[in-house]
Amino acid sequence: MSQDIGYVRTEMALPQPAPLRERGPLAWMRKNLFANPFDSVLSIVGFFIVAMIVPPLFNWAIVNAQWTGTDRTFCATVAQGGIQPDGWSGACWAFVKAKFGQFMFGRYPLDERWRVILVAIMFVALLVPLLVPRIPRKGLNSVLFFLVLPVVSYFLLIGGVFGLPHVETPLWGGLLVTLTLSFVGIVVSLPFGILLALGRRSKMPVVKMLCVIFIETVRGVPLITVLFMASVMLPLFLPAGVSFDKFLRALIGVSLFASAYMAEVVRGGLQAIPKGQYEGADSLGLSYWQKMGLIVLPQALKLVIPGIVNTFIGMFKDTSLVYIISMFDLLGVVRQNFSDAAWASPQTPASGLVFAALVFWIFCFGMSRYSIFMERRLDTGHKR
Amino acid sequence: MAIENAVSADEIKVDRAKMHISDTDVAIDIVGMHKWYGEFNVLKDINLRVMRGERIVICGPSGSGKSTMIRCINRLEEHQKGKIIVDGKELTNDLKKIDEVRREVGMVFQHFNLFPHLTILENCTLAPIWVRKTPKKQAEEQAMHFLRRVKIPEQANKYPGQLSGGQQQRVAIARSLCMNPRIMLFDEPTSALDPEMIKEVLETMVGLAEEGMTMLCVTHEMGFARKVANRVIFMDQGQIVEENTPGEFFDNPRHERTKLFLSQILH
């Protein structure tokens with residue numbers, strides 16, 4: 001008996017809708033929260049922790065918070081000499097409100113603060129179009145942002161020209177110092193770090209050695225030490241009478257420090273680029289700088305965006321360490337104000353610190369989200 | 001030219017000596033070239049003269065140095081002894097000379113080496129714009145011309161990762177052609193491709209050969225070798241073991257090693 005084992009499909013199967021248990025919120029929960037016993041336990045513990053933390057925090061920061069007031073009595077209980085009922089616990093936003101100017105500008109003279117605000121407006125007005133890919137004229141925008149803005153800002157903030165009164169840097173403080181240090185650090189460290197990374201992979205022994213020595217020395221020393229040395233030791237080596245501005249020294253210290261870290265991040269990216277890319281570029285007759293600038297770096301930097309932003313965020317927060325050379329960034333100014341007798345209350349430090357944390361968080365989170373956006377945008381992916 | 005009828009390497013040399021070949025007819029001249037990787041002598045006494053318009057197929061077992069040899073021709077690999085003269089320019093440590101040679105010599109790699117962050121069109125226009133200083137518009141027109149020739153103009157705005165292997169390799173060929181090279185090197189251009197895609201790449205290469213491009217091709221595609229090559233070179237252990245016209249090479253191999261190799265791959 002012969003049996004035909006051949007099979008021929010006569011019509012193609014049509015796609016069918018997914019079964020009900022694969023759709024809707026219940027299916028989502030089953031899949032994401034209660035997929036197996038261990039997941040279920042984790043989910044329940046997670047919910048429990050959130051339920052423990054969020055309501056008291058909400059009460060402290062919003063419901064019981066003191067939003068207005070002119071001195072410490074508004075944020076202290078009766079027993080502490082204030083107006084709040086005993087046992088009261090809430091954020092003292094009145095303190096933040098009263099000190100807001102200081103938190104932003106430090107001791108920058110009141111009458112001159114418009115200069116800082118003007119710089120801030122220009123900064124935002126140039127930064128936003130630079131970050132939004134759809135807006136054209138990126139070249140002009142970059143020149144304005146990276147070359148013109150720093151020069152204009154320098155004269156505006158320092159003054160001493162065009163009839164603007166001179167404001168010396170020890171008077172600067174707060175967010176102004178945080179942002180200036182970070183901006184300069186970021187703008188200097190990325191190109192400088194790239195050069196160091198290229199130098200470290202260079203075939204020229206002297207260049208390579210200098211880069212290795214620089215990177216390993218700076219990375220091997222804590223930032224605090226670098227700042228401290230820049231502030232205390234450097235003047236010892238300089239001839240008498242010659243002095244650098246303390247803030248400038250901090251800027252240089254932070255920038256060099258960040259460059260060394262950036263160099264290692266970029267080097268990681270360079271190492272991930274396959275040899276074939278170098279050879280492809282070589283075979284077309286591209287010069288070293290063309291090969292690096294057009295082929296290798298665009299790919300390498302894209303790969304290490306998370307690392308680069310990580311370094312930026314780390315540096316942004318490290319700027320607080322300038323307190324060691326008695327400069328006051330945002331956190332420094334907040335802490336400085338704890339000792340203000342007019343506002344001393346048990347709630348003041350917590351409120352100030354939460355505010356500082358929130359400001360730091362907003363900037364860091366912004367950088368983080370933007371980096372994720374850029375990663376997706378630059379992903380031409382489909383790698384094989 | 002009499003090369004097509006030449007029978008062996010020795011005879012070719014003799015022929016040329018008689019003919020008073022001018023230097024301008026020689027595309028590549030390799031004389032007594034050696035190369036070492038550390039202590040290991042990968043290429044030994046390579047002598048090869050390639051005339052303009054010649055199509056040469058290089059084959060041999062893996063590790064025989066065939067890729068290394070053609071990579072020496074555009075200095076992706078450095079040789080330590082002997083001479084390599086490409087298009088009248090000797091390859092030394094002189095970076096300027098190296099760049100001049102690379103501009104005239106196109107190369108197609110086994111793994112394509114397209115630039116994944118650039119579109120197909122940008123891949124093809126990059127070198128003309130930056131190296132040859134061709135205006136962008138003209139470079140794009142030229143790129144489209146070559147993309148049409150490799151039959152994928154419609155992919156111009158995609159990224160390499162979105163194309164099949166065969167398409168990517170054809171883009172790689174177009175990218176090289178955009179530099180208007182006088183010599184093309186192919187380093188196992190079909191070895192990383194699925195069987196179905198080998199044909200489309202080979203067809204492109206045959207078309208190129210028919211237009212008279214000087215080609216050196218490391219490949220195991222023996223059908224291709226028979227069809228387009230003027231000479232087949234067989235390498236083993238870093239040396240040229242046998243060299244002949246494709247007809248003679250395949251039908252009447254002389255060296256034992258060649259016979260063994262051919263019996264392994266032609267079944």
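The chains referred to below are lettered A, B, ... by the order of the sequence lines, with proteins before strands, and numbering in each begins at 1. Below, each value reflects all heavy atoms present in this structure, side chains not excepted, and no hydrogens, waters or symmetry copies.
- Counting heavy atoms of neighbouring residues, nucleotides and ligands inside a 6.0 Å radius, atom CD of B:E196 does not exceed 12 of them.
- Using modelled atom types, no side-chain atom of A:Q299 and backbone atom of B:P116 make a donor-acceptor pair closer than 3.5 Å.
- By the 6.0 Å contact criterion, NZ on A:K31 is open, its count of non-hydrogen atoms from other residues, nucleotides or ligands being 12 or less.
- When heavy atoms are compared at a cutoff of 4.5 Å, B:F115 approaches chain A by way of both its backbone and its side chain.
- Counting heavy atoms of neighbouring residues, nucleotides and ligands inside a 6.0 Å radius, atom NZ of B:K89 exceeds 12 of them.
- Using a 4.5 Å heavy-atom threshold, the side chains of B:H111 and A:P274 count as separate.
- Between the OG atom of B:S176 and the CG atom of A:L284 there is a distance of 6.0 Å, given to the nearest 0.5 Å.
- For the set B:M107, B:R175, B:R103, the count of heavy-atom pairs under 4.5 angstrom toward chain A peaks at B:R175.
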Next on the checklist: Let's go through B:L118 and A:L294 carefully: what are the C-alpha distance in whole Å and the side-chain angles of both, what is the deciding distance for side-chain contact (heavy atoms from CB on, under 4.5 Å) to 0.1 Å, and is it a yes or a no?
Outcome noted: CA-CA 10 Å; B:L118 300 175; A:L294 298 166; over 6 Å; no
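- At least one side-chain heavy atom of A:L286 sits under 4.5 Å from a side-chain heavy atom of B:L126.
- With a 6.0 Å radius and a threshold of 12 heavy atoms from other residues, nucleotides or ligands, B:W130 has its CH2 atom at or below the threshold.
- Interface remark: B:L95 contributes no atoms to any contact with chain A (heavy atom separation under 4.5 Å).
- Both the backbone and the side chain of A:E279 come within contact range of chain B, with heavy atoms under 4.5 Å apart.
- Under the 3.5 Å distance criterion, the side-chain polar atoms of A:Q277 are matched with a main-chain donor or acceptor of B:L114.
- At most 12 non-hydrogen atoms from other residues, nucleotides or ligands lie less than 6.0 angstrom from OH of A:Y154.
- Among B:V101, B:V131, B:D99, the residue making the largest number of heavy-atom pairs under 4.5 Å with chain A is B:V131.
- Between B:N74 and A:S283 the shortest heavy-atom distance is ND2-CB, 3.8 Å.
- No donor-acceptor distance shorter than 3.5 angstrom exists from the side chain of B:H117 to the backbone of A:V296, with no hydrogens or angles considered.
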